[in-house]
Chemist: 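Mind looking over this structure? Questions follow.
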Amino acid sequence: MSQYPELKLYIGGEWRSRAGQPVLNPADESVLGTVPHATTADLDDALAAAEKGFKIWSRTSPSARAELIYKATALIRQRAEEMAVAMTLEQGKPIAQARLEIVRAAEIIEWDAQEGRRVYGRIIPSEPGMRHSVLRQPIGVVAAFSPWNFPFSSPARKVGGALGAGCSIILKASEETPAGAFQLVKAFADAGLPAGVLNLVFGKPSEISEYLIPQPSVRLITFTGSVPVGKHLSAMCGAHMKPAIMELGGHSPVIVCDDIDPAKAGAASAIGKSRNAGQVCVSPTRFFVEEKIYDKFTAAFTEKAASLKVGNGLEPSVQLGPLANDRRIAAMEMFVADAKAKGARITTGGARIGNNGYFFPLTVIADVPDDARAMREEPFGPLALVSRVKNLDEAIEKANSVPYGLAGYAFTNSASNAERLSQEIEVGNLSINHFVASSAETPFGGVKDSGIGREGGVEGLQGYTVVKNVSHLATP
Ligand code: NAD
């Protein structure tokens, strides 16, 4: 039996096969399967199904919803190994990271299901006989667009939020890494989710967003992807007065203060940067290191980065898989050539490995001038940019100097540095002394160009609701 699933659309509780486009294995560029493209008639059906699904699901009690959602997450946990293998095949990440992504996705969905039981409203004090009740109701049909870098957990965030809050959803997942969303949806279908509550389509992204966003019954758009596409979709949402959750790119600063152990922080930074080969919106990228420890930090970072085993993610000892597509290789080559030309120093990596599969090593670029393109544009790949700073003032100023504001990191043992960083770094998520940017229970999202809205946490679920105030005078 093939380790890669036969992909289908899921519309109104029915699996549909269609012609489409090939899905490639980034480790050897072989064809894994075909992702079906939805026709306009399929999209019409998905919309009608989601409208019916919303009526059913929004009228199902939160506890009954949670019970059904838990059946699906039990199937996800049971099937985690086959799901992880398919993910590594289509996306490239090391199998251990793929396994973690599946478990994390199950946790996110379960947390949302439980939080759905606590979508409390409130009663506002008023004159006798009058009651103002604030209700939080599921917003309606959700149109969701998920990217190729987290084929399972990104769709899971959107499906978890929508279903936890009582919404129905049409998910348009990545055509480049479609198996994650397919297997996620299959777990819900097999768990007995009512037809129409969750629908899965693929196709030409612009055609699907242009179809779904203007539909009157679509009440919320959630997108994870690049800043330019996010701005384009947000403008469409504005034109149709639709709220949007936009999880866009980042360019995470890491401020390394001179009161920490540079060898330890350097090695930890290499591991943090290597996650999913840097193809992560919260990947640590711009390292601003105080000058006293700059050389030691850079040396430790370089040594650890150079030691990472690069190869096919299905081999258990591999720590850095291939990049997900050839666009990322072209981008890395461009950023490296530009930084070199502007005087930066490559301390390890810097060039593609082989020409079969999209392998690129973890690359450390030291002494990066501020005008290097990689310092301003999100590399979205295994590039770490290390710069020397005089003090915390300079580090904070440089950290905030880009239009992005998703995640930020800092290493310090000083409570006053930590407090200042908490106040002054312009990001949605700041992690001090570690590299985990989010979990199921914490709100995740950006400021500035990195997006609007949150996924995860109480705030995430509230994004899938709408507030209604009911004023009731007891006697007419
Ligand atoms: P891209 O800008 O072409 O596409 C980004 C995503 O948007 C893809 O998933 C694509 O399918 C989708 N998309 C594109 N046009 C769309 C449309 N009109 N309607 C709906 N969806 C549409 O870039 P890419 O080459 O696929 O990815 C590279 C860049 O995307 C990276 O540099 C990074 O900034 C960003 N990215 C961010 C995340 C994230 O987690 N925030 C994830 C993946 C990619």
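Indexing begins at 1, ligand by ligand and atom by atom, following the structure's order. Reckoned from all heavy atoms, side chains included, excluding hydrogens, waters and symmetry mates.
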Chemist: Using 4.0 Å as the upper bound for N to carboxylate O, is an ion pair formed by K204 and E175?
Modeler: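 Looking at E175 and K204, the cut-off is not met.
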
Chemist: Are N400 and E424 close enough that a side-chain donor and a side-chain acceptor fall under 3.5 Å?
Modeler: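 No pair is found: no donor N or O on one side chain lies under 3.5 Å from an acceptor on the other.
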
Chemist: Which heavy atom of F359 sits nearest a heavy atom of I329, and at what distance?
Modeler: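 Heavy-atom minimum between the residues: O-CD1, 3.9 Å.
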
Chemist: If the contact criterion is a heavy-atom separation under 4.0 Å, does E210 count as touching ligand 1?
Modeler: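 No.
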
Chemist: Within ligand 1, which atoms have a heavy atom of R328 less than 4.0 Å away?
Modeler: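 Those qualifying, in numeric order: 28 (C), 32 (O).
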
Chemist: Do any nitrogen or oxygen atoms of E378 lie less than 3.5 angstrom from nitrogen or oxygen atoms of ligand 1?
Modeler: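 Right, the criterion is met.
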
Chemist: Within ligand 1, which atoms have a heavy atom of T224 less than 4.0 Å away?
Modeler: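 That gives atoms 39 (C), 40 (O), 41 (N) of ligand 1.
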
Chemist: Does any N or O atom in R327 lie less than 3.5 angstrom from one in ligand 1, N or O only?
Modeler: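 Yes, at least one N or O pair falls under 3.5 Å.
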
Chemist: Return a yes/no value for H232: is any of its N or O atoms, backbone included, closer than 3.5 angstrom to an N or O of ligand 1?
Modeler: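 No.
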
Chemist: What residue and heavy atom of the protein are closest to atom 12 (C) of ligand 1, and at what distance?
Modeler: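 Here the closest protein heavy atom is F223 CE1, 4.0 Å.
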
Chemist: What are the atoms of ligand 1, with element, lying closer than 4.0 Å to any heavy atom of S209?
Modeler: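 The atoms of ligand 1 under 4.0 Å from a heavy atom of S209 are 17 (C), 18 (N), 19 (N), 20 (C).
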
Chemist: Using a 4.0 Å cut-off to any heavy atom of C281, which atoms of ligand 1 qualify?
Modeler: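 So the answer, numbered in order with elements, is 39 (C), 40 (O), 41 (N).
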
